[in-house]
Amino acid sequence: MMYLVVLELASRPEYPELERALKALGNWSNRTKGAWIVESRFTASQIRDLLKPHVGAEDRIFVARFTKNWAGTGMGEGFQEWMN
């Protein structure tokens with residue numbers, strides 16, 4: 001399943017533990033600031049719960065599953081093939 005993970009991080013300038021946790025979910029892409037696309041076997045709420053310990057109280061996490069209804073431009077070589 002493919003998920004969009006949107007992060008609004010206000011607590012610290014860098015989050016190495018959060019980045020490791022995101023990458024551990026499965027195949028991933030972070031071609032836009034504050035947003036990751038991940039392919040994972042977990043549900044949206046499980047992804048949120050796995051990421052939550054790695055952010056501060058002032059930070060925000062939004063996770064949404066999406067299907068084939070998407071569009072993008074300027075996402076770089078190989079992105080469309082990966083998404084399909």
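These numbers come from a predicted model, not from an experiment.
Every residue was checked against the side-chain hydrogen bond (donor to acceptor under 3.5 Å, both in side chains) condition with S40, not counting sequence neighbours, and none meets it. With sequence neighbours excluded, the residues forming a side-chain hydrogen bond (donor to acceptor under 3.5 Å, both in side chains) with S45 are T43, listed by chain and number. In this structure, the ring pair (Phe, Tyr, Trp, His ring centres under 6.0 Å) partners of W28, at least two apart in sequence or on a different chain, are W36. Here P16 pairs with E14, R20 under the side chain to side chain contact (heavy atoms under 4.5 Å, CB included) rule; sequence neighbours left out. By the side chain to side chain contact (heavy atoms under 4.5 Å, CB included) test, A24 is found to be paired with no residue, residues two or more places apart in sequence or in another chain being considered. When the salt bridge (charged side-chain N to carboxylate O under 4.0 Å, His left out) test is applied to K23, the partners found at least two apart in sequence or on another chain are E19. The side chain to side chain contact (heavy atoms under 4.5 Å, CB included) test applied to N27 returns E39, W82, not counting sequence neighbours.
Rounded to the nearest 0.5 angstrom, T73 OG1 and F79 CZ are separated by 11.0 Å. To the nearest 0.5 Å, the span separating NE2 on H54 from CG on L9 amounts to 12.5 Å.
Residues M2 and V38 are not in side-chain contact: their nearest non-hydrogen atoms beyond the backbone lie 4.5 Å or more apart. Taking 4.5 Å as the limit, every side-chain heavy atom of T32 sits out of range of all side-chain heavy atoms of I37.
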Quick one: side chains of residues 57-66, donor-acceptor pairs under 3.5 Å with protein atoms, not counting sequence neighbours, listed by atom name and distance.
from: D59; atom 1: OD1; to: A10; atom 2: N; distance (Å): 2.5
from: D59; atom 1: OD1; to: S11; atom 2: N; distance (Å): 3.0
from: D59; atom 1: OD1; to: S11; atom 2: OG; distance (Å): 3.4
from: D59; atom 1: OD1; to: Y15; atom 2: OH; distance (Å): 3.2
from: D59; atom 1: OD2; to: S11; atom 2: OG; distance (Å): 3.3
from: D59; atom 1: OD2; to: Y15; atom 2: OH; distance (Å): 2.7
from: D59; atom 1: OD2; to: G56; atom 2: N; distance (Å): 2.7

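For the pair L51 and L22, the tightest heavy-atom approach, listed with the atom from each and the gap, is CD1-CD2, 3.7 Å.
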Inset, instruction - For the pair Q80 and W70, evaluate side-chain contact (heavy atoms from CB on, under 4.5 Å) and give the outcome as yes or no after the intermediate values. - result: CA-CA 10 Å; Q80 183 170 344; W70 63 271; 4.0 Å; yes
